[in-house]
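To keep things clear, I will list the structure first and then write my remarks on it.
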Amino acid sequence: MNGRKAKAIRKKSLVLLVDWVKTLIPEEEANKLTLQQAYDLVSKDTHVFANGKFMLSSFSLKWIIQKIKKLIKTKNLNDVTVEDLTNEI
């Protein structure tokens, strides 16, 4: 993967993270939500220990990046949505 594609995936992952957090909070607060506030609401733990191994925690930034990389094999990067991520679980 080249640098331009990796940079685009990271930018898209931040957008999807904000969109996902907006679905969890009330609509009044969702309208005022910024990127930094959304990032602060998400857990800082990127990994969990389950079934005897370490795995990426769901809806952490690294998890979203990993799922986008899998999804862009079949879809365009601009077409990836939060629903695609939740269907991937």
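All figures in this text were calculated on a predicted structure; none of them were measured in a lab.
Residues passing the side chain to side chain donor-acceptor pair (under 3.5 Å) test with Glu27, sequence neighbours excluded: none. Every residue two or more places apart in sequence or in another chain was checked for a side chain to side chain donor-acceptor pair (under 3.5 Å) with Glu28, and none qualifies. In this view, Asn76 satisfies the side chain to side chain donor-acceptor pair (under 3.5 Å) rule with no residue, not counting sequence neighbours. In this structure, the side-chain contact (heavy atoms from CB on, under 4.5 Å) partners of Ser43, at least two apart in sequence or on a different chain, are Asp45. Remark: Asp40 pairs with Gln36, Lys44 by the side-chain contact (heavy atoms from CB on, under 4.5 Å) rule, at least two apart or across chains. Tyr39 is linked by a ring-ring contact (aromatic ring centres under 6.0 Å, His included) to nothing, counting only residues two or more places apart in sequence or in another chain. Partners of Thr46 by side chain to side chain donor-acceptor pair (under 3.5 Å), not counting sequence neighbours: none found. Considering only residues two or more places apart in sequence or on other chains, Lys69 meets the salt bridge (Lys or Arg N to Asp or Glu O under 4.0 Å) condition with none of them.
The closest donor-acceptor contact from the side chain of Gln37 to the backbone of Thr34 lies under 3.5 Å.
Residue Leu77 is grouped with residue Val82 when hydrophobic side chains (ILVMFWY) are merged at heavy-atom distances under 4.5 angstrom, including chains of intermediate members. Note on Val80 and Leu35: same hydrophobic cluster, where clusters join Ile, Leu, Val, Met, Phe, Trp and Tyr whose side-chain heavy atoms are under 4.5 Å apart, directly or indirectly.
Between atom CG of residue Asp79 and atom CD1 of residue Ile72 there is a gap of 12.0 Å, rounded to the nearest 0.5 Å. Ile64 contributes atom CD1, which lies 11.5 Å from atom CG of Leu71 (distance to the nearest 0.5 angstrom). A distance of 9.0 Å separates CG in Leu41 from CG in Leu24, rounded to the nearest 0.5 Å. Atom-to-atom distance recorded for Ile9:CD1 and Ile65:CD1 is 8.0 Å, nearest 0.5 angstrom.
For Lys75, the NZ atom counts as densely surrounded, since its 6.0 Å shell holds more than 12 non-hydrogen atoms of other residues, nucleotides or ligands. More than 12 heavy atoms of other residues, nucleotides or ligands sit less than 6.0 Å from atom CG of Asn2.
Two residues are said to be in side-chain contact when any heavy atoms from C-beta on lie closer than 4.5 Å; Leu17 and Trp63 fail this criterion.
Paired with Leu16 under the rule side chain to side chain contact (heavy atoms under 4.5 Å, CB included), one option of Asp84, Leu85, Val21 passes, and it is Leu85.
Among residues at least two apart or in separate chains, there is no side-chain hydrogen bond (donor to acceptor under 3.5 Å, both in side chains) pair with a member in residues 5-24.
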(Q) Determine whether Thr86 and Phe59 satisfy the following criterion, side-chain contact (heavy atoms from CB on, under 4.5 Å), listing intermediate values before the conclusion. (A) CA-CA 9 Å; Thr86 55; Phe59 285 98; 3.6 Å; yes

